[in-house]
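Here the structure comes first, spelled out in structure tokens, and everything after it is commentary.
So you know, we letter chains A, B, ... as the sequences are listed, proteins then strands, and number each from 1. Values below: all heavy atoms of this structure, side chains included; hydrogens, waters and symmetry mates excluded.
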Number of protein chains: 2
Amino acid sequence: MSNAPDQLFKTLADPTRRAIFERLCRNGEQTVGALTAHAGISQPAVSKHLAILKQAGLVHDRHEGRQTHYSAQVEALAPLIDWTSQMAGFWESRFDDLEDLLRRMDQ
Amino acid sequence: MSNAPDQLFKTLADPTRRAIFERLCRNGEQTVGALTAHAGISQPAVSKHLAILKQAGLVHDRHEGRQTHYSAQVEALAPLIDWTSQMAGFWESRFDDLEDLLRRMDQ
DNA sequence: TCAATCCATAACCGCTGAGTTATGGATATC
DNA sequence: GATATCCATAACTCAGCGGTTATGGATTGA
């Protein structure tokens with residue numbers, strides 16, 4: 001089982017899949033048919049992308065008759081933000097260590 | 001040529017490559033040999049990962065004799081932060097009346 | 001100078017994954 | 001009930017990518 005940022009990065013690495021997610025973020029809930037109309041690929045391909053996005057928690061599906069409505073779950077991006085700020089934090093703390101070292105050397 | 005977030009996502013999607021980047025963030029500048037010692041893969045594989053990280057602007061290399069020192073460039077993560085906050089922003093603004101109207105007109 | 005070390009590149013290989021077409025189940029429409 | 005539509009899954013293909021070994025250039029040390 002992969003950790004959260006790993007799955008998020010892999011899921012969002014594909015441009016087509018990211019475009020679908022972006023569209024759901026911009027325009028809100030969409031049916032598979034509407035998404036397929038703009039994706040430039042076949043309907044099964046879109047369904048597969050949606051399944052992967054759902055697996056990553058990035059989208060939510062709602063069944064209504066024979067259509068399925070998908071919507072973005074932006075909260076799922078949280079581990080990505082965490083990872084990024086953690087990396088920046090490591091870098092910053094190293095900088096702080098250097099600053100601290102230089103300050104002590106100065107005395 | 002792919003846009004910035006696309007290259008970042010693809011580069012960071014590989015766990016081995018991301019581990020190398022994380023190590024550089026945590027521990028600062030490292031030689032290829034030091035990175036290879038912890039990566040669990042061959043030295044050429046590490047060099048290839050570093051080349052891809054460099055291509056994405058995520059690392060910087062410094063040649064010193066026969067060794068090459070690599071260091072993380074956390075600033076390169078900026079487009080990732082931008083993209084994430086943009087997605088969150090779209091999600092927020094979907095409750096705006098004008099955007100909602102435009103969305104329904106588009107369908 | 002000769003040998004050893006460090007790293008990058010080349011050439012190759014197996015697997016993953018994104019796309020396709022085919023199909024079927026479920027729902028809507030006639 | 002018959003037909004059409006929406007979507008998901010199955011089966012398959014093919015390119016790209018991450019790994020390997022082989023090799024060589026550059027630098028260091030004996």
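In this structure a side-chain-to-backbone donor-acceptor pair under 3.5 Å is present from A:Arg18 to A:Leu12.
Note on B:Leu50 and B:Ile41: same hydrophobic cluster, where clusters join Ile, Leu, Val, Met, Phe, Trp and Tyr whose side-chain heavy atoms are under 4.5 Å apart, directly or indirectly.
One atom, CD of A:Glu64, and another, P of C:dT27, lie 13 Å apart when rounded to the nearest Å. As a whole-Å value, the separation of A:His63 NE2 from C:dT27 C1' is 13 Å. C:dA18 atom P lies 13 Å from atom CG of B:Asp6, rounded to whole Å. B:Lys10 has its NZ atom 10 Å from the P atom of C:dA18, to the nearest Å.
First and last contacts of DNA chain D with chain A, using any nucleotide atom under 4.0 Å from a protein heavy atom and ordered 5' to 3', fall at D:dA4 to D:dT9.
Both A:Ile52 and B:Thr31 lie close to DNA chain C; mapped to their nearest nucleotides by heavy-atom distance, the more 5′-ward contact belongs to B:Thr31. Take the nearest nucleotide of DNA chain C for B:Pro44 and for B:Arg66: the residue whose nucleotide is more 5' is B:Arg66.
Listed by chain and residue number, A:Glu29, A:Glu64, A:His69 satisfy the side chain to side chain contact (heavy atoms under 4.5 Å, CB included) test with A:Arg62 (two or more places apart in sequence, or in another chain).
Across all strands, A:Thr68 comes closer than 4.0 Å only to sugar-phosphate atoms, never to a base (heavy-atom distances). Nucleic acid contact class of A:Thr36 (heavy atoms, under 4.0 Å, all strands): none. At a threshold of 4.0 angstrom between heavy atoms, the contacts of B:Gln67 are confined to the sugar-phosphate backbone, with no base atom among them.
Here the CG atom belonging to B:Leu77 is positioned 8.5 Å from the CE atom belonging to A:Met87, to the nearest 0.5 angstrom.
Below the 3.5 angstrom threshold, one finds a donor paired with an acceptor across the side chain of A:Lys48 and the base of C:dG19.
A:Ala76 approaches A:Pro79 most closely through the heavy-atom pair O-CD, 3.2 Å.
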List the steps and the verdict of side chain to side chain contact (heavy atoms under 4.5 Å, CB included) for B:Phe9 and A:Asp14. CA-CA 8 Å; B:Phe9 275 118; A:Asp14 181 77; over 6 Å; no
